[in-house]
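Within every chain, numbering begins at 1; the chains are lettered A, B, ... in the order of the sequence lines, protein sequences first and strands thereafter.
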Amino acid sequence: MKVAVFGACSAIAIEVARLYAADGHELYLVARNEERLETVAADLRARGASKVEIFSIDFLNTDAHHGLVEDIISKAESLDLALVAYGLLGDQLQAQRSFKKARKIIDTNFTSVVSLLTLLSNLMEKNASGTIAVISSVAGDRGRKSNYIYGSAKGGLNIFLQGLRNRLSTSGVHVLTVKPGFVDTPMTADFKKGLLWSKPEVVAAGIVKAVRKKKDIVYLPWFWRYIMLIIRHIPEKLFKRMSI
Amino acid sequence: MSEFSCWGRYPHAQQTAYKLSWRDQVYTVISSENSVLPYGQGRSYGDVCLNDGGALLVSGSIDRIIEFDRHQGIIRAEAGLTLEELLRVVVPAGWFLPVTPGTRFVSLGGAVANDVHGKNHHRHGTFGSHIKRFALLRSDKNVYECSPEKEIDLFRATIAGLGLTGFILWVELQLIPIEDSCIRMESIKFNSLSEFFEISDSSNQDYQYTVAWIDCLKQGAGFGRGIFMRGNHASAAEGKGLKVYEKTLPAVPFDMPEWMLNRYTVGAFNALYFRKQLRDSVTKIVPYDTFFYPLDAVARWNRIYGRSGFMQFQSVCSRDVIERILQITAASGQASFLAVIKEFGDIKSPGMLSFPRPGITLCMDFPNRGASTLKLLRELEELVCSRGGALYPAKDAVMSERSFKDCYPSWQEFMEYKDPKFSSSFWRRVTGER
């Protein structure tokens, strides 16, 4: 299988790539920091990946996306799986005071992903095959004061992916929305960890399984489906006063 | 921050933990803190992995393989990689760890820093004897590549250096070839310490791996009884191929109440364990995890000792002292069921502060019962250290400054290579340094 990973130095992405590497698949890794990419690439080669190529880019620079996808295709010919794994949690308090900060969160989590998926979806639609998997978040299921800027970008992304899935369903392209709950990664380093927290390895195994089973939307770990079911159904009159 | 504790869960420490993912992040933290200590998987039993009042450089996600030469069996990897992850990659390629401790959940860096040993000490020495080179980042911002040929003193200080000479960025290790990932294991019952010594003497020549479980509660008839296990890697014809084995049983879900482990329940367990094997000697082909890592199957087994934790006492000393230790321990009735005995060989480790030395090593777990446990451990410590033996820092939580300095006379030489910014709770305890 030919797998492209966008945001390949993120903790969850590394674990997903390791699972595919162990099965001898080809990996095309994209991230900003070239030195770190080299480190990850060497690890995946040692773990059995049949081929690893790296591409360095700042995802916010959407003008470079076209060239990036062309580069990948020139090396890979085609893609079986594109995993979008990058994201920016940002700082809610700073972002609600400064639109510049809010915009960076929205552009990273939403606008730039739309740009990338436009290119990837058209490519896969033409080939009438492939899977697009995007790591979104449970934060996109309901707006909360603690992270609604990040949450609204992820919420927008969830709706974009629904539409894309609907559009591509007849052309044999599979679109997977991944909604992880709390994952212990550098992104969440400052949070106090408790029972609901999972390791990136666990979420990664869930993603690989969801890709294989052609799931549409997957909450990881599974219990987040029920947590969010409850959270989504709390009446707004009540919810607006809550602190969660 | 209970998240970062030691395996025995005694003592406790408060520290600022930095979870690192990349080698390029390490120096920034070192330069911004006054006292730092690398922390791998927290599988040291006592306070060698704690830095009360200081900072921890948590290496768990700095865990990439840099190079694996499948023909020569040489692997170079970042220090946070666990032996479990390493085995997943090297076993299918026909290689195995040259030396492995009793758990595969330790990091490569931790294995170097504690210079761990295993059931093949009499044949292969310690983990540090198989290190080809490593890179060490120190607070002077320099990265030192150390090997038996280059930066020799820093190499010797870092192996068994308890993480105090700097942050190990990567390690290059020579593996050993295997035809199959099973072990041909023979278990032999013995009824006394002298029988143990006889079997051990006659096994060291033909068996790469030797170890025994010993019942340290039994007094009178049956004093010193146990089960001796010896083995070699299975041949291609005997085994089942180069498989990765990672058996898991349900984890211990919560802290068990302290009263559950007492001399009667443990005594009953030991008696059952001893009698479970009916014949005097049994030979089996078993997966490597069954042979090397029986306890790894039960995640968080340290919870069986309850909230107050436990202490391990591992010493090396002569045969007559071992007998005395067992007598004192059996009479106290405090020991737990996990007691292990093995004869070390005479291969000298490059590590300055390395623990293994010729003699018998005995390893016992004691539930932490406060003053009575400490009193017993002090008595055993006095005995071991006054008779030329030594205690193992990786397992220790109570050793006195005097004992440490007696058992490890090289500590003064070591001081020249210790990084001034690196420290640990253990180090301050056994040297009086601030």
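Contacts between residues 85-111 of chain B and chain A, counted as heavy-atom pairs separated by less than 4.5 Å, involve E85(B), V89(B). Contact residues of residues 33-42 of chain A toward chain B are N33(A), R36(A), T39(A), V40(A), A42(A) (heavy-atom distance under 4.5 Å).
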### Message
Would K179(A) and D141(A) count as a salt bridge (Lys or Arg N to Asp or Glu O under 4.0 Å) here? Give the steps.
### Response
CA-CA 9 Å; K179(A) 294 183 180 176; D141(A) 278 15; 2.8 Å; yes
### Query
Please walk me through it: do S35(B) and N51(B) pass side chain to side chain donor-acceptor pair (under 3.5 Å)?
CA-CA 8 Å; S35(B) 169; N51(B) 191 15; 3.2 Å; yes
### Message
side chain to side chain donor-acceptor pair (under 3.5 Å), that's the test. Do N158(A) and T177(A) meet it? Break it down for me.
### Response
CA-CA 7 Å; N158(A) 290 345; T177(A) 309; 5.4 Å; no
### Message
Please determine whether side chain to side chain donor-acceptor pair (under 3.5 Å) holds for the pair E33(B) and Y18(B), giving the CA-CA distance in whole Å, both sets of side-chain angles, and the decisive distance to 0.1 Å.
### Response
CA-CA 11 Å; E33(B) 287 283 339; Y18(B) 293 90; 2.5 Å; yes
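More than 12 heavy atoms of other residues, nucleotides or ligands shown are found within 6.0 angstrom of NZ on K193(A). Environment of CZ in R32(A): sparse, with no more than 12 heavy atoms of neighbouring residues, nucleotides or ligands closer than 6.0 Å. Residue K132(B) qualifies as open at atom NZ: its count of foreign heavy atoms under 6.0 Å is 12 or below.
Between Y86(A) and F6(A), the distance separating the two ring centers is not shorter than 6.0 angstrom.
The aromatic rings of F191(A) and W197(A) sit tilted relative to each other, their planes meeting at an angle between 30° and 60°.
S61(B) does not touch chain A: none of its heavy atoms, backbone or side chain, sits under 4.5 Å away. At a 4.5 Å heavy-atom cutoff, the contact between A46(A) and chain B is made by backbone and side-chain atoms alike. Using a 4.5 Å cut-off between heavy atoms, D69(B) makes no contact with chain A at all. Neither the backbone nor the side chain of I75(B) comes within less than 4.5 Å of any heavy atom in chain A. Contact of K192(A) with chain B is not made at all, since no heavy-atom distance falls under 4.5 Å. Heavy atoms closer than 4.5 Å to chain B are found in the side chain of I14(A), but not in its backbone.
At distances below 3.5 Å, not a single donor-acceptor pair connects side-chain atoms of H25(A) with backbone N or O atoms of K2(A).
Figure legend: cation-pi geometry between R64(B) and W22(B), with NZ or CZ positioned under 6.0 Å from the six-membered ring centre and within 45° of its axis.
K75(A) and D71(A) are not joined by a salt bridge, as no carboxylate oxygen comes within less than 4.0 angstrom of a charged side-chain nitrogen.
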